[in-house]
Amino acid sequence: MPVMRFFSKVAKQALLSTPGCGCQPLTVAVRNISFSPRQVTSDASFHSVSFSETDHPKVLITGGLGQLGVGLAKLLRKRYGKNNVILSDIRKPPNSVFHSGPFIYSDILDYKNLREIVVNNRITWLVHYSALLSAVGEANVALARSVNITGLHNILDIAAEHGLRLFVPSTIGAFGPSSPRNPTPDLCVQRPRTIYGVSKVHAELMGEYYHHRYGLDFRCLRYPGIISADSMPGGGTTDYAVQIFHDAIKTGKFECNLRPDTRLPMMYIDDCLRATLEVMEAPAETLSMRTYNINAMSFTPEELAQELQKQMPELEVTYEVDPVRQAIADSWPMNFDDSNARKDWAWKHDYDLPELVQTMLNFFGSETRMARFN
């Protein structure tokens with residue numbers, strides 16, 4: 001300990017010396033060790049390499065085995081090349097995902113591991129999907145806090161240190177019962193009552209802080225409920241809108257855990273993935289803000305069931321309300337105002353409710369439905 005204090009004293013004296021002592025190069029060398037906000041001086045600035053300056057971005061997707069990661073990887077690989085998009089997760093990937101393109105193990109709570117991945121693979125874009133969703137997070141608050149907040153801090157520091165373009169999704173869950181609900185604008189009161197929502201507000205504010213403080217190219221979309229046919233529900237409050245299709249095809253019966261009149265904003269996954277790509281490719285000067293609402297449609301469980309029953313009249317729908325999920329849904333927006341996204345980077349959705357239902361049923365296939373009901 002005395003030895004460490006001695007060296008600390010010597011280093012402090014050297015750094016406090018005037019430039020004439022020949023110690024100025026030492027100060028520069030110390031700053032060049034790392035550009036991490038964890039240790040950088042107050043006058044630092046970071047700027048990501050713009051898309052126009054590179055042939056293709058090199059993309060890392062965290063939490064890549066979730067509902068959105070695999071779909072986004074497929075879209076980005078088609079656009080930028082298979083080897084330029086790396087999926088990562090802490091889980092073992094299915095064979096179809098493993099053989100579809102680069103996959104790597106990464107734990108967002110392991111800062112050193114993440115940093116090595118970014119450096120060794122020359123990553124320029126980072127898409128951070130790792131998070132515990134609303135209902136799952138309420139069942140394990142400590143884990144949600146660790147993954148959704150501590151993991152985010154690692155991502156932010158690494159993205160700033162290496163000049164990455166960073167995308168972190170937010171959600172309808174970032175709003176609370178005191179927010180205007182119909183419609184909900186981009187800027188308004190946000191007082192969520194779930195750890196998931198709190199962590200997303202935290203992500204929005206920290207990302208914008210890093211943008212203004214360090215020049216980090218942070219981009220964020222508030223997703224509505226996302227509906228996809230090729231993935232199972234993952235514990236979110238809006239997942240009833242996915243589960244109903246699985247149950248309708250499998251059993252012809254569906255029990256909904258929300259009230260029939262619970263209105264929430266929703267979006268088909270293709271629209272969601274395209275919006276993510278479009279905001280990532282948008283020139284920085286077109287973005288008037290760093291966090292945008294995006295929306296496509298807004299419906300209730302009853303309206304979704306009625307639209308589905310137009311093509312599957314035998315479908316039986318009952319309601320057994322889960323008070324936890326219902327309380328969450330009642331605190332969320334009923335409809336999103338996404339006029340800024342439509343104005344700034346020409347966002348436009350393709351799927352409304354009839355197109356959504358038809359697309360989902362087409363995915364499962366008419367032969368499956370005929371086998372079940374004939």
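Basis for what follows: all heavy atoms, side chains included, without hydrogens, waters or symmetry-related copies.
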No-hydrogen, no-angle side-chain donor-acceptor test under 3.5 Å, Arg219 and His211: no
Heavy-atom pair of closest approach, residues Asn113 and Asp107: OD1-N, 3.3 Å
Side chains of Gln243 and Asp247, donor plus acceptor under 3.5 Å: yes
Check: Asn257 side chain, Asp322 main-chain N or O, donor-acceptor pair, under 3.5 Å: no
Leu152 side chain reached by Ser199 side chain, heavy atoms, under 4.5 Å: no
Backbone N/O of Glu208 and side chain of Arg290: donor-acceptor pair under 3.5 Å: no
Straight-line distance of Asp186 CG to Thr291 OG1, nearest 0.5 Å: 8.5 Å
Under 3.5 Å: donor-acceptor pair, side chain of Arg263, backbone of Ser298: yes
Centroid separation His246 to Phe364 less than 6.0 Å: yes
Side chain proximity check, Thr171 to Pro169, heavy atoms < 4.5 angstrom: no
Spatial distance of atom CD1 (Ile108) from atom CD1 (Ile90) [nearest 0.5 Å]: 8.0 Å
Reported CG-to-OG distance for the pair Leu273 and Ser228, which is rounded to 0.5 angstrom: 8.0 Å
side-chain contact (heavy atoms from CB on, under 4.5 Å) assessment of Glu281 paired with Arg79: CA-CA 12 Å; Glu281 287 190 342; Arg79 190 167 182 83; 2.5 Å; yes
Main-chain N/O of Phe336 paired with Arg222 side-chain donor or acceptor, under 3.5 Å: no
Heavy-atom side-chain proximity of Ile294 to Pro224 below 4.5 angstrom: yes
Distance-minimising heavy-atom pair for Leu65 and Pro93: CD1-CA, 3.8 Å
Asp270 vs Asp350, side-chain contact (heavy atoms from CB on, under 4.5 Å): CA-CA, chis, key distance, verdict: CA-CA 9 Å; Asp270 284 8; Asp350 289 334; over 6 Å; no
Sole candidate of Ile195, Thr194, Leu132 that passes side-chain contact (heavy atoms from CB on, under 4.5 Å) when paired with Val141: Ile195
Side-chain donor/acceptor of Arg165 to backbone N/O of Trp125, under 3.5 Å: no
Shortest non-hydrogen separation from Leu315 to Gln309 and the atoms involved: O-NE2, 3.1 Å
side-chain contact (heavy atoms from CB on, under 4.5 Å) evaluation trace for Ile86 with Ile123: CA-CA 9 Å; Ile86 301 174; Ile123 299 299; 4.1 Å; yes
Glu204 side chain to Ser170 side chain, donor-acceptor N/O pair below 3.5 angstrom: yes
Any donor-acceptor N or O pair under 3.5 Å, side chains Asp157, Tyr111: no
Heavy-atom check, side chain of Met312 versus side chain of Ile249, under 4.5 Å: yes
Any donor-acceptor pair under 3.5 Å from Glu320 side chain to Glu255 backbone: no
Straight-line distance of Asp271 CG to Asn295 CG, nearest 0.5 Å: 10.0 Å
Check: Asn293 side chain, Asp337 main-chain N or O, donor-acceptor pair, under 3.5 Å: yes
CZ/Arg342: more than 12 non-hydrogen atoms of other groups inside 6.0 Å: yes
Under 3.5 Å: donor-acceptor pair, side chain of Glu307, backbone of Leu304: no
Asp330 side chain reached by Gln326 side chain, heavy atoms, under 4.5 Å: yes
Note, Phe245 side chain near Phe363 side chain (heavy atom, < 4.5 Å): no
Pair Asn121-Leu60, side-chain contact (heavy atoms from CB on, under 4.5 Å): steps then yes or no: CA-CA 9 Å; Asn121 294 281; Leu60 174 67; over 6 Å; no
Side-chain touch Lys200/Gln190, heavy atoms, less than 4.5 angstrom: no
Closest contact, heavy atoms only, Thr237 versus Ala329: CG2-CB, 3.9 Å
Aromatic ring pairing Tyr214/Tyr210, orientation class (parallel under 30°, perpendicular over 60°, tilted between): perpendicular
Closest approach of Phe218 to Ala203 (non-hydrogen atoms, all atoms of both residues): CZ-O, 3.7 Å
Within-4.5 Å side-chain heavy-atom neighbours: Arg325 and Leu258: yes
Plane angle bin for Tyr223 and Phe167 - parallel if under 30°, tilted between 30 and 60°, otherwise perpendicular: tilted
Any donor-acceptor N/O pair, Ser146 side chain to Leu143 backbone, under 3.5 Å: no
Whether Asn335 side chain and Asn182 backbone form a donor-acceptor pair below 3.5 Å: no
Heavy-atom closest pair, residues Ser179 and Arg191: OG-N, 4.4 Å
